[in-house]
K.L.:
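Dropping a structure here in structure tokens format, bear with me for questions.
Numbered from 1 within each chain, the chains take letters A, B, ... in sequence-line order.
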Amino acid sequence: MHNSSSSGPPAKPRVGASQASEASLKRKRGVFQKDLQHMMYGFGDDANPLPETVSLVEDIVTEYITDMVHKAQNIATKRGRLLTEDFLYLVRKDPPKLRRSSELLAMHEELKLARKAFDVNEDSLANAE
Amino acid sequence: MKDPFEAAAEELDSPPESPIPAEEDAAVAVDVDEEEADAPSQPQASAPPGPVGGGGGGKGKEEEEEEEEENMDVEFGKFPSGGDPDKMAKMQAILSQFTEDQMSRYESFRRSGFQKSNMRRLLTSITGSQKISIPMTIVVSGIAKMFVARIVMMERKESGPIRPCHIREAYRRLKLEGKIPKRSVPRLFR
């Protein structure tokens with residue numbers, strides 16, 4: 001069996017490929033490499049996933065996201081600009097994804113409010129002194 | 001012997017929990033009920049804690065502390081049960097029995113995610129416009145992570161790291177099941 005090379009591909013744009021077309025993004029390779037390594041480990045892969053596997057997963061995920069965004073755009077153009085709700089609409093038939101998305105958004109809101117409250121408190125404390 | 005993919009699909013109501021129920025019977029001595037999180041199985045080889053190096057260290061450099069703060073809250077403050085004391089107690093019980101390896105993997109599982117800045121850049125390049133809000137990146141990152149979960153967890157963990165051929169096989173199977181969106185064709189006539 002061949003041993004995998006130690007380090008992953010550097011995040012350099014592939015100049016040749018990018019000249020192909022506008023639509024084919026000048027996508028850097030390995031943009032999500034680090035994130036994906038942690039993710040795959042968390043989901044059951046080896047502690048050090050093979051670089052080629054990570055690259056493949058990155059390609060697949062990017063394709064998935066691209067497709068999802070195009071679908072969302074198709075929905076959005078009827079109304080106007082692209083909104084977060086369009087993505088929620090896309091996953092409406094997939095309860096776990098919908099639930100998770102809603103959960104994430106709710107947490108984000110909560111954190112925003114919490115931070116705002118914190119800032120306000122800091123200000124009033126500063127003024128009081 | 002449940003199919004790991006089915007188990008994963010069952011558990012996908014919260015962040016997908018662990019892979020491979022078949023192994024975890026041996027690895028974990030905790031009695032867990034089907035619906036709730038199954039403890040992550042221990043890697044066969046005594047693998048050192050992964051590229052994580054202290055959990056989520058890679059994130060939060062470009063984004064300021066906001067993102068790390070968020071992750072910390074997600075990690076410890078909010079359990080997947082969402083405040084249900086019963087489930088939380090169960091979760092605590094499981095967590096307390098984790099080995100170091102399991103804890104490390106679980107940490108990666110919870111904290112890992114797509115960096116907001118990278119995701120935003122990708123979304124911008126796809127849409128060709130600037131109107132990418134933060135909630136949008138959050139949602140897409142979440143959905144994408146669940147997708148990665150599906151792909152990776154379809155793999156039987158035979159031995160060693162997952163190879164690309166496994167991923168391709170899983171991807172093909174998912175496509176057959178219709179879980180992967182096909183190239184979308186605009187519907188002209190409704």
Side-chain angles (χ1 to χ4, degrees), chain A residues 4 22 25-27 31-32 34-50 52-53 55-57 60-74 81-84 86-88 90-91 94-97 99-101 103-105 107-111 114-115, chain B residues 12-16 18-20 40-41 43 47-52 58 70 73-74 78 105 108-115 118 122-123 125-127 131 133 135-136 138-140 142-149 151-153 155 157 160-164 167-168 171 180-181 183-184 186:
Chain A
S4 53
E22 208 78 68
L25 340 139
K26 296 169 194 177
R27 211 192 330 141
V31 172
F32 293 128
K34 285 214 178 67
D35 303 327
L36 277 178
Q37 279 175 337
H38 299 188
M39 228 184 269
M40 289 170 68
Y41 171 58
F43 292 140
D45 194 2
D46 193 75
N48 293 300
L50 297 176
E52 46 267 32
T53 311
S55 285
L56 177 59
V57 172
I60 291 178
V61 167
T62 308
E63 184 180 316
Y64 177 75
I65 293 177
T66 306
D67 210 63
M68 193 169 51
V69 170
H70 285 150
K71 282 202 166 85
Q73 276 183 311
N74 286 341
R81 58 193 196 96
L82 185 62
L83 296 174
T84 310
D86 296 319
F87 290 98
L88 297 178
L90 275 184
V91 294
D94 190 341
K97 289 206 172 74
R99 228 170 301 156
R100 177 61 176 167
S101 303
E103 181 184 29
L104 287 171
L105 286 174
M107 286 201 286
H108 177 68
E109 278 308 309
E110 230 179 279
L111 282 168
R115 265 182 240 130
Chain B
L12 275 180
D13 63 333
S14 272
S18 93
I20 320 178
S41 68
V52 175
E70 235 176 82
D73 288 330
V74 171
K78 296 249 175 178
R105 192 182 289 269
S108 275
F109 160 73
R110 290 297 298 268
R111 290 178 157 233
S112 65
F114 298 102
Q115 222 176 3
N118 288 332
L122 173 65
L123 291 179
S125 78
I126 299 176
T127 60
K131 309 165 194 151
S133 62
M136 207 180 289
I138 293 177
V139 167
V140 173
I143 295 174
K145 180 172 175 182
M146 291 178 80
F147 176 70
V148 172
I151 289 268
V152 173
M153 290 199 280
E155 294 325 299
K157 186 127 190 300
I162 300 179
R163 291 194 295 273
I167 300 283
R168 285 204 192 91
Y171 185 51
I180 311 247
R183 289 276 155 215
S184 57

K.L.:
Take Leu104(A) and Val139(B) through the side chain to side chain contact (heavy atoms under 4.5 Å, CB included) test and state the conclusion after the steps.
P.N.:
CA-CA 7 Å; Leu104(A) 287 171; Val139(B) 167; 5.9 Å; no
K.L.:
In terms of heavy-atom pairs under 4.5 Å, which option from Pro135(B), Ala144(B), Gly142(B) contacts chain A the most?
P.N.:
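Among the listed options, the one with the most contacts to chain A is Pro135(B).
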K.L.:
So how far is it from Arg111(B) CZ to Asp35(A) CG, rounded to the nearest 0.5 Å?
P.N.:
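Going from CZ on Arg111(B) over to CG on Asp35(A), the span is 13.5 Å.
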K.L.:
Does any non-hydrogen side-chain atom of Phe147(B) lie less than 4.5 Å from one of Met68(A)?
P.N.:
no
K.L.:
Between Phe43(A) and Phe109(B), what is the ring plane arrangement, given parallel below 30°, perpendicular above 60°, and tilted in between?
P.N.:
perpendicular
K.L.:
Less than 4.5 Å to any heavy atom of chain B: does that hold for the side chain of Val91(A), its backbone, both, or neither?
P.N.:
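Side chain only.
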K.L.:
Over all heavy atoms of both residues, which pair between Asp45(A) and Arg105(B) is shortest? Give the atoms and the distance, please.
P.N.:
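For Asp45(A) and Arg105(B), the tightest heavy-atom pair comes out as O-NH1, 2.7 Å.
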K.L.:
Restricting to non-hydrogen atoms, name the atom on Gln73(A) and the atom on Ile126(B) that form the minimum distance, rounded to 0.1 Å.
P.N.:
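Smallest heavy-atom distance, with atoms named: OE1-O, 4.5 Å.
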K.L.:
Out of curiosity, Glu109(A) CD to Ile138(B) CD1, how far, rounded to the nearest 0.5 Å?
P.N.:
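Those atoms lie 8.5 Å apart.
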K.L.:
When you compare the side chain of Ile60(A) with that of Val148(B), does any pair of heavy atoms fall below 4.5 Å?
P.N.:
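Result no, sub-4.5 Å side-chain heavy-atom pair not found.
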K.L.:
To the nearest 0.5 Å, tell me how far Ser112(B) OG sits from Met40(A) CE.
P.N.:
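The CE atom of Met40(A) is 11.0 Å from OG of Ser112(B), to the nearest 0.5 Å.
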K.L.:
Are any side-chain N or O atoms of Asn118(B) and backbone N or O atoms of Phe32(A), one a donor and one an acceptor, separated by less than 3.5 Å?
P.N.:
no
K.L.:
Below 4.5 Å, heavy atoms only, C-beta onward: do Tyr64(A) and Ile143(B) meet side chain to side chain?
P.N.:
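Yes, at least one pair of side-chain atoms sits under 4.5 Å.
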K.L.:
Side chains of Val31(A) and Leu122(B), heavy atoms from C-beta outward: is any pair under 4.5 Å?
P.N.:
no
K.L.:
Over all heavy atoms of both residues, which pair between Val61(A) and Phe114(B) is shortest? Give the atoms and the distance, please.
P.N.:
CG1-CZ, 4.0 Å
K.L.:
Non-hydrogen atoms of chain B under 4.5 Å away: do they reach the side chain of Leu83(A), the backbone, both or neither?
P.N.:
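Just its backbone gets close to chain B.
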K.L.:
For the residue pair Leu56(A) and Pro164(B), what are the closest heavy atoms and their distance?
P.N.:
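Closest pair (atom of Leu56(A), atom of Pro164(B), distance): CD2-O, 3.4 Å.
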K.L.:
Could you check whether any side-chain N or O of Arg163(B) sits under 3.5 Å from a backbone N or O of Glu52(A), counting only pairs where one atom can act as donor and the other as acceptor?
P.N.:
no
K.L.:
Given that the side chain runs from C-beta out, which part of Leu82(A) has a heavy atom under 4.5 Å from chain B: side chain, backbone, both or neither?
P.N.:
both
